[in-house]
Every structure is written in C-alpha cells, then in structure tokens.
Amino acid sequence: MPLITLREALTAAEDGGYAVGAFNVSDLNQAYSVLEAARQSKSPVIVQSIAGMNPYADEGWWWDRLRELVVSYDDVSAVLHLDHGSRYTDCIRAIEHGFTSVMIDASRDVKTGEASTFEHNVELTRSVVEYAHARGVSVEGELGTIGGAETPEDGVVEEIVFTDPMQAADFVRLTDVDALAVAVGTSHGSVKFTDAEGGQRLRIGLIEKIKSELPQTYLVLHGSSSVPQDAVATINANGGSLPESYGLNLEQKQEGIAAGIRKINQGTDSHLVWTAALRELLAKRPSEVEPSQILSSPLTAMQELTAQRMREFGSAGQTA
Ligand SMILES: [Zn+2]
C-alpha cells in the first residue's frame, strides 16, 4: 500500500482505540529494523526522522533513500513523518522529499530555546499547515513545553509548562493542525526523572480534558520513552556513563491511550537498546571488525523493542 498520512493513520487508531508508535530513525539500518518490526507485527507504523539528525553528508539524499525504503514495504501501512521541524523551511523541504506528515514545533524560539508566544506558535504553525494541506500532507503542532534533554549532554530537565485545554482548542481552531503534541507530564531524552516515581507523572485527567475539547484532532505523547533499566545497565557496564534516570512505565502509556493519546513517540528506547547491544558486542568480541557481524546485534535489538512497543500500544495486528 502507498504511504499514508498521519491523519489517516490516527483516524484508524481512534476508531480502533489504540495508538501508533512513532519511531525515530537516524539511518537506513534503523529504518530497516522498524519496518521489519511493522511487517512482522502487522502493525501500522510512523517512521520519523529529525532534520539534521543523520550521519550522511546530504540530507536530501538520505530522505529520498528513506522514502524509497519505506515505500518498498508495500504491505506495511506507514507514515513518513518529520519529527520536531523547528523551521518553516525544514517542513517544506521534507514535503518536497515526499514526507506524508510533518511536525512544526513552534512552541520554542529556534534561536533562544525560550518558550515562544502563543501568537508566534499559531502564525508559524498555520503557515506550515497551509502549505502542507494544499499538498495532502498532515501536520502535527505542539502546545506547551514538554522540556527535557534530547541528548544526555544537554544536561538538566527543564521546567514543563502543561498544555491548557482551552488554549489547545483555540490553537487547533486557528491552525487546523491534524495532531497536537501535548505537555502532560513527560520529558524528552534519556535523562528524564531521577527517581523511579518520576515515571508516574503523566496527567491522565489533563489528557481527557484536552481530548474532550478536540474531537477532530489527535493527541501525541512526546518524551514518553520508558528508559529500559537493563539497557542503561548494559551500556554502563560496557564503558558508557548514563546517569540514573526513569521514564514512563507501560501502565501509564496504556492509561494515556485509554484517555485519547493516538501517537506515541519512541525515540530514546530503541536507541538505548541499539547502543547497549552494540557496546556489549564490541566489548565481548574486541577483535571483530566485520560490520555485518557488528551491526546485526543492535539491529535485532531495535527490531525487538519496536515490535514490543507495537504490542503494548495495541497497534500490532491492526493491518492483518
Ligand atoms: Zn518530541
């Protein structure tokens, strides 16, 4: 089947009462892992990438190859999505390269990192929606600040400004976004909350309130990785130095889905298991230099984690 839009994928999820996982990929190998998991799980999938986050010299080349790979899985119901587009031009470029969905994250000023005004967020988001909808592409916006570090080096967890339900209704009316990333207690990256109870912070009542104001818009959970402790331990046992940190547990995610979350971003977990498998293999086999031997372990770990999330979110079996 051809690529589908985010609105198509999330409309089906709303009807079926499940959520679709959005998995960040940084290279073609990772995209392979995610797509294999989707095929074997008979699950719809959102393959997403962040502008600038890939190892290739030419991002246009990478996006074209990524699109070709996703399209080649013609039995998989897939959305190709730009995650966290911070500039209008990033979103336009992604659409030109055949992405079927883009996120414009205008909740922060791209230069200062400060929270942007509501008016600025509306204006930038609406301009992307006008361009995208004219070309049949979906748009995800963000309201409130989700906070957190995208990489451990970024340091501290920032203050979270929760999404206001009434402002969310205004935002959707003024921008016509298809999906909305909401700040309801999660935090980005692998450094989240420094106590185990921190993983319990999802505001279910707030999700329900926002959803009741937005019957035609689909809610997205960012920063919702679980930070598997065994992967963190493996990384640290093999030369890594990740600080103690806890993410969102499975029960909270499933309660979120029951309250109306339809897209769950999983950027960190699959990268943690990928890194853990890679570090472990290199430590165990210090003389190995053949990439086919080195890479199969992290790719398998990422595929297994992805398939596990598809089962947990209820999307597995939905395209059977
Ligand atoms: Zn995010």
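This one's a predicted model, so the numbers in the text were calculated from it and none came from an experiment.
For Ala106, the side-chain contact (heavy atoms from CB on, under 4.5 Å) partners are Ile104, Asn121, Leu124, Thr125, not counting sequence neighbours. Residues meeting the ring-ring contact (aromatic ring centres under 6.0 Å, His included) test with Phe99, sequence neighbours left out: Trp63. When the salt bridge (charged side-chain N to carboxylate O under 4.0 Å, His left out) test is applied to Arg93, the partners found at least two apart in sequence or on another chain are Glu59, Asp90. Among residues two or more places apart in sequence or in another chain, the side-chain contact (heavy atoms from CB on, under 4.5 Å) test is passed with Glu213 by Pro165, Met166, Ala169. Applying the ring-ring contact (aromatic ring centres under 6.0 Å, His included) test to His271 and every residue at least two apart in sequence or in another chain returns nothing. Checked against side-chain contact (heavy atoms from CB on, under 4.5 Å), Ser138 has the following partners two or more places apart in sequence or in another chain: Thr5, Leu6, Arg7, Ser101, Asp178. Take Tyr56 and apply the ring-ring contact (aromatic ring centres under 6.0 Å, His included) test, not counting sequence neighbours, and it matches Trp61, Trp62. Not counting sequence neighbours, the partners of His222 by the ring-ring contact (aromatic ring centres under 6.0 Å, His included) test are His84, His188. Taking Glu304 as the reference, nothing meets the salt bridge (charged side-chain N to carboxylate O under 4.0 Å, His left out) condition, with sequence neighbours excluded. For Ile92, the side-chain contact (heavy atoms from CB on, under 4.5 Å) partners are Tyr88, Glu96, Tyr131, not counting sequence neighbours. The salt bridge (charged side-chain N to carboxylate O under 4.0 Å, His left out) test applied to Asp27 returns no partner, not counting sequence neighbours.
The shortest side-chain heavy-atom distance between Glu255 and Leu202 does not fall under the 4.5 Å cut-off. Between Met310 and Phe23, the closest side-chain pair of non-hydrogen atoms falls below 4.5 Å. Proximity of Val76 to Thr319: side-chain heavy atoms (C-beta onward) are nowhere separated by under 4.5 Å. With a 4.5 Å cut-off on side-chain heavy atoms, Leu242 and Leu272 count as touching. Within the 4.5 Å cutoff, side-chain heavy atoms of Lys263 are placed close to those of Gln48. Side-chain contact between Thr306 and Val45 is absent, with no heavy atoms from C-beta onward closer than 4.5 Å. Looking at heavy atoms from C-beta onward, Val34 lies in side-chain contact with Met302 at the 4.5 angstrom threshold. Inter-residue side-chain proximity for Leu66 and Asn54 is flagged as unmet; no heavy-atom pair is nearer than 4.5 Å.
Ion pairing between Asp64 and Arg67 fails under the 4.0 Å rule for side-chain N and carboxylate O. Salt bridge status for Glu312 with Arg309: present, with a side-chain N to carboxylate O gap under 4.0 Å.
Atoms CZ and CG, on Arg87 and Asp105 in that order, are 12.0 Å from each other to the nearest 0.5 Å. Atoms CG and OG1, from Leu82 and Thr100 in turn, are 11.0 Å apart once rounded to the nearest 0.5 Å.
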Solution key, residues 284-295 side-chain donor-acceptor pairs under 3.5 Å, sequence neighbours excluded:
from   : atom 1 : to     : atom 2 : distance (Å)
Arg285 : NH2    : Glu288 : OE1    : 2.8
Arg285 : NH2    : Gln293 : OE1    : 3.3
Glu288 : OE2    : Glu290 : N      : 3.1
Glu290 : OE2    : Ser292 : N      : 3.1
Glu290 : OE2    : Ser292 : OG     : 2.9

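In this structure, the side chain of Glu130 does not engage the main chain of Thr175 through any donor-acceptor pair within 3.5 Å. Judged purely by atom type and a 3.5 angstrom limit, Ser49 uses its side chain to pair as donor or acceptor with the backbone of Val25. Side-chain atoms of Ser33 come within 3.5 Å of backbone atoms of Leu299 as a donor-acceptor pair (strictly under, hydrogens ignored). A donor-acceptor pair under 3.5 Å is absent between the side-chain atoms of Asp269 and the main chain of Ser225, judged by distance alone.
Under a hydrophobic-cluster definition in which Ile, Leu, Val, Met, Phe, Trp and Tyr are linked whenever side-chain heavy atoms come within less than 4.5 Å, directly or via other members, Leu143 and Val122 are assigned to the same cluster.
Between the side chains of Glu36 and Tyr73, at least one donor N or O lies within less than 3.5 Å of an accepting N or O.
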